[in-house]
Visitor: 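After the C-alpha cells below, expect a handful of questions from me.
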Amino acid sequence: MTRRKLIAGNWKMNGDLASLAELGGIAIAAQNAPGIDVAIAVPATLIAPAIAAAPGLSIGAQDVHWSAKGAHTGCISVAMIAEAKAEFSIIGHSERRADNGETDAQVKSKAEALHAGGLDAILCVGETLDERDAGQAVAVVTGQLAASVPEGAAADWLSIAYEPVWAIGTGRTPTVSDVAAMHEAIRTKLRELIGAEADAMRLLYGGSVTGDNATELLGASDVDGALVGGASLTAAKFVPIVEAGARL
Ligand SMILES: O=C(CO)COP(=O)(O)O
C-alpha cells in the first residue's frame, strides 16, 4: 500500500504576523513537491493571516474543543477554525496532555468533532522516558490509540503522529529501528481497531526531526511523514525536511 507522505509543521506557541513571511518559502517547496502533502499548524490567531500569506498551503490549528459552542472560556471550536479556513487540527499533543490534563476520551471527542465538521485530524500519541525505560512504551501508545481513535475512523481524515515525549525539543531521537518497531505496533493496533483502513492511514513520526535526520527517519518502515516542531519555524530549516520527504 502506498501512502502519500505528509510533512506537517507545528509552530506551537511561536510565531507572529512577521514570521508568516517564512510561509512563502515553505509554500514554494510544497508546490515543488506535488507528490507529498505539506501542512503547518499555527497558533489560532494566525490561521486566517497565514492562509492569506500563503494561499494553497494547508494551514491548521493545534487544538480544538469537542463541543460546538458554549461556556468553555479560552477554547476554540471546530466551526471557528473552519470559518478561518483551517483544513485540520492537531489533537492530543503531549504538551496539551501535560499542560491541560487532556485525556484520551477528550482527544477522541475532538477527533469526532473535527470529522463531523469536515476537517482532518492529526492525533498524537507517545510515551514518556520513564514509561520507555520501564518497558511500557508499546503498551502506553497502543492504550492511547484504543481509547482515542474513533470507531470507523478513516485515513482520508485521520493521521496518527507518534511523538515520544522524551524526543520532543530535546535533540534526541529514537533509533530508526525503534521508530519502525513502534510504527509497526501502531499499525497492528489500528488494524484491530479499524480493520483494513489501518493500512491506508498515515503514521507520522515527531520529535527532534531536522533536515539532517529527516531522510533516515522518514525512510523507516511504516513512517509516512513527520510532525515537526522547532524546525518548522523557518523555511530554511523546514524546506530541507519537505525535500527529504519528496525524495522518498
Ligand atoms: O512536538 C513536536 C511536534 O508536534 C516535535 O517538536 P520538535 O520537532 O521541536 O522536537
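Remember, it's 1-based here, ligands and their atoms both numbered in the order they're listed. Both backbone and side-chain heavy atoms feed into the values below; hydrogens, waters and symmetry mates do not.
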Visitor: With hydrogens left out, which residues have an atom under 4.0 Å from ligand 1, given that only heavy atoms count?
Guide: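 Shell around ligand 1 (4.0 Å, heavy atoms): N10, K12, H93, E163, A167, I168, G169, G207, S208, L227, V228, G229, G230.
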Visitor: Can you tell me which residue pairs pass the ring-ring contact (aromatic ring centres under 6.0 Å, His included) test with a partner in residues 38-57, sequence neighbours excluded?
Guide: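 Sorted pair list comes back empty.
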Visitor: Which value, rounded to the nearest 0.5 Å, describes the distance between L123 atom CG and Y162 atom OH?
Guide: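 Going from CG on L123 over to OH on Y162, the span is 15.0 Å.
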Visitor: Quick one: side-chain hydrogen bond (donor to acceptor under 3.5 Å, both in side chains) partners of W66, sequence neighbours excluded?
Guide: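 Partners of W66 by the side-chain hydrogen bond (donor to acceptor under 3.5 Å, both in side chains) criterion come out as none, since no residue qualifies.
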Visitor: For a quick check under 3.5 Å, do W11 and Q62 share a side-chain donor-acceptor pair by atom type?
Guide: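 Judged by distance alone, the side chains do not pair up.
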Visitor: When you compare the side chains of S58 and E87, does any donor N or O come within less than 3.5 Å of an acceptor on the partner?
Guide: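 Yes, because at least one side-chain N or O of S58 sits under 3.5 Å from a partner of the opposite role on E87.
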Visitor: Apply side-chain hydrogen bond (donor to acceptor under 3.5 Å, both in side chains) to D16 and list each qualifying residue two or more places apart in sequence or on a separate chain.
Guide: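 Scan of D16 (side-chain hydrogen bond (donor to acceptor under 3.5 Å, both in side chains), adjacent residues dropped) gives S19.
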